[in-house]
Amino acid sequence: MIIVLFGAPGVGKGTVAEILCRRYGIPHVSTGDILRTHIAKKTEAGEKIREFVDAGFLVPDEIVTEVVRDRVGKTDCAKGFLLDGFPRTVEQARELDKIAAERGEKIHVFNIDVPEDVIVRRLCARRICPKCGAIYNLEFRPPKKDMLCDCCGAALAHRHDDRDEIIKVRLREYGKMTKPVLDYYGKKGMAAHASGLYSEEVINKIVGVLEKK
Ligand code: ADP
Ligand code: ZN
């Protein structure tokens, strides 16, 4: 089982991903998280990756594809995995088709759509735990103790790219580079819609579709 969560930045892919992965016992493969780890660990690719991520641009296909191939080749992905933030270009979608064909697995794509004004508000108020990856929102899902992670107590961080001007660039990148991926899957009849403002709503729709299959 390969699940793809598709949608603009800030539609709640990360939150939905965590819950689905726990339910189905598959790993959560977030390209954003993996790329940020490269930056934090200052790997060879990290410096180049940082330039794109900090500016809000997509990281080049060759780098991201390599990172994904490497991650899904690990043994914990043997029974399947969930992709959050990949594919983001048609080229990446073609690459994923190849990966699925090599493994003899089917891809289940879910599109999450949320109005743009909601997205901008959510991203500006988003805070993440740099230690365990938990996601908070100062407006809708604040931590219990001021600016500390409920799960591990670490100080929450505001992602550099979760700021107004960079959010605009990311949404433009989404419209230009990533939206066409939806047409790509649409033409193949592969994308199911799972929109909703609340993650419970989105999860119920996805589980409903998966359990029918
Ligand atoms: P969000 O979904 O909120 O934009 P992510 O953590 O998924 O956040 O991505 C953060 C950044 O990482 C993106 O703005 C982009 O620079 C880079 N990135 C993540 N996934 C990809 C991808 N599949 N292709 C190219 N760049 C990516
Ligand atoms: Zn934490």
Side-chain angles (χ1 to χ4, degrees), residues 4-18 28-40 45-72 82-96 99 109 111-114 116 118-137 141-145 147-182 184:
V4 171
L5 292 187
F6 193 85
V11 297
K13 298 189 295 286
T15 307
V16 168
E18 284 301 331
H28 174 191
V29 178
S30 156
T31 45
D33 286 348
I34 300 175
L35 295 172
R36 280 186 290 277
T37 304
H38 274 280
I39 295 174
E47 203 41 51
K48 198 165 170 208
I49 292 172
R50 181 201 294 276
E51 287 170 28
F52 292 95
V53 173
D54 277 1
F57 294 123
L58 292 184
V59 174
D61 288 337
E62 314 81 68
I63 298 180
V64 181
T65 304
E66 169 82 31
V67 151
V68 169
R69 273 203 177 268
D70 184 61
R71 177 66 188 89
V72 305
L82 180 148
L83 289 168
D84 161 7
F86 186 92
R88 261 171 146 112
T89 64
V90 172
E91 195 45 47
Q92 292 178 17
R94 292 209 181 95
E95 202 58 41
L96 178 60
I99 294 175
V109 183
N111 178 42
I112 311 172
D113 202 11
V114 171
E116 191 164 315
V118 177
I119 288 180
V120 175
R121 266 184 61 196
R122 273 195 194 162
L123 290 178
C124 288
R126 174 161 77 180
R127 295 294 181 274
I128 52 164
C129 172
K131 208 167 146 204
C132 77
I135 307 165
Y136 298 87
N137 186 293
R141 209 156 79 92
K144 290 195 188 82
K145 272 197 208 139
M147 296 310 267
L148 298 179
C149 179
D150 293 351
C151 314
C152 73
L156 299 183
H158 187 185
R159 262 169 57 180
H160 171 82
D161 57 343
D162 278 348
R163 288 161 219 265
D164 217 24
E165 26 353 311
I166 315 278
I167 292 170
K168 287 199 190 105
V169 178
R170 286 160 63 202
L171 290 174
R172 230 180 291 138
E173 285 281 273
Y174 176 77
K176 197 171 75 185
M177 309 295 290
T178 308
K179 240 192 174 153
V181 178
L182 202 54
Y184 175 86

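Order of listing sets the numbers, starting from 1, for every ligand and every atom in it.
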Evaluate Arg88 against Val181 for side chain to side chain contact (heavy atoms under 4.5 Å, CB included), listing each step before the verdict. CA-CA 7 Å; Arg88 261 171 146 112; Val181 178; 6.0 Å; no

When you measure from the side chain of [X] to the backbone N and O of [Y], does any donor-acceptor pair fall under 3.5 Å?
X	Y	answer
Lys13	Gly7	yes
Arg170	Pro9	no
Arg163	His160	yes

Option of least heavy-atom distance to atom 7 (O) of ligand 1 (set: Arg50, Lys13, Arg126, Arg88):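 Heavy atom nearest to atom 7 (O) of ligand 1 belongs to Arg88.
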
Only heavy atoms count here, so choose which of Arg159, Arg170, Glu173, Glu91 is nearest to atom 10 (C) of ligand 1.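 It is Arg159 that holds the nearest heavy atom.
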
Within the stated cut-off of 2.8 Å, is an N/O/S atom of Cys132 closer than that to the Zn ion (ligand 2)?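 Coordinating: yes.
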
What are the atoms of ligand 1, with element, lying closer than 4.0 Å to any heavy atom of [X]?
X	value
Gly85	20 (N), 21 (C), 22 (C), 23 (N)
Pro9	1 (P), 2 (O), 3 (O), 4 (O)
Gln92	22 (C), 23 (N), 24 (N), 25 (C)
Thr31	19 (C), 20 (N), 21 (C), 23 (N)

Assess whether atom CZ of Arg121 is packed by more than 12 heavy atoms of other residues, nucleotides or ligands within 6.0 Å.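 Open.
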
Is there side-chain contact between Asp113 and Val11, with heavy atoms separated by less than 4.5 Å?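 Not touching, per the 4.5 Å side-chain cut-off.
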
Are Leu58 and Thr178 side-chain neighbours, meaning at least one heavy-atom pair lies under 4.5 Å?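 Of all side-chain heavy-atom pairs linking Thr178 with Leu58, at least one is under 4.5 Å.
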
Between [X] and ligand 1, is there a nitrogen or oxygen pair with a distance under 3.5 Å?
X	answer
Phe86	no
Arg36	yes
Phe57	yes
Pro87	no

Run the numbers on Glu66 and Arg69 for side chain to side chain contact (heavy atoms under 4.5 Å, CB included), then give the verdict. CA-CA 5 Å; Glu66 169 82 31; Arg69 273 203 177 268; 5.9 Å; no

What angle, in degrees and rounded to 10°, do you get at the Zn ion (ligand 2) when you join it to SG of Cys149 and to SG of Cys152?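 My answer is 110°, to the nearest 10°.
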
Please assess Cys151 against Cys129 for the test side chain to side chain contact (heavy atoms under 4.5 Å, CB included), listing each intermediate value before the final yes or no. CA-CA 9 Å; Cys151 314; Cys129 172; over 6 Å; no

Please work out, at 4.0 Å between heavy atoms, whether the side chain, the backbone, both, or neither of [X] comes within that distance of ligand 1.
X	value
Met177	neither
Val64	side chain
Leu35	side chain

Considering the options Asn137, Ile135, Leu156, which one meets the side-chain contact (heavy atoms from CB on, under 4.5 Å) requirement together with Arg127?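 Result for side-chain contact (heavy atoms from CB on, under 4.5 Å) with Arg127: Leu156.
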
Among all protein non-hydrogen atoms, which one is nearest to atom 26 (N) of ligand 1, and what is the separation to 0.1 Å?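 For atom 26 (N) of ligand 1, the nearest protein heavy atom is Val59 N, 3.0 Å.
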
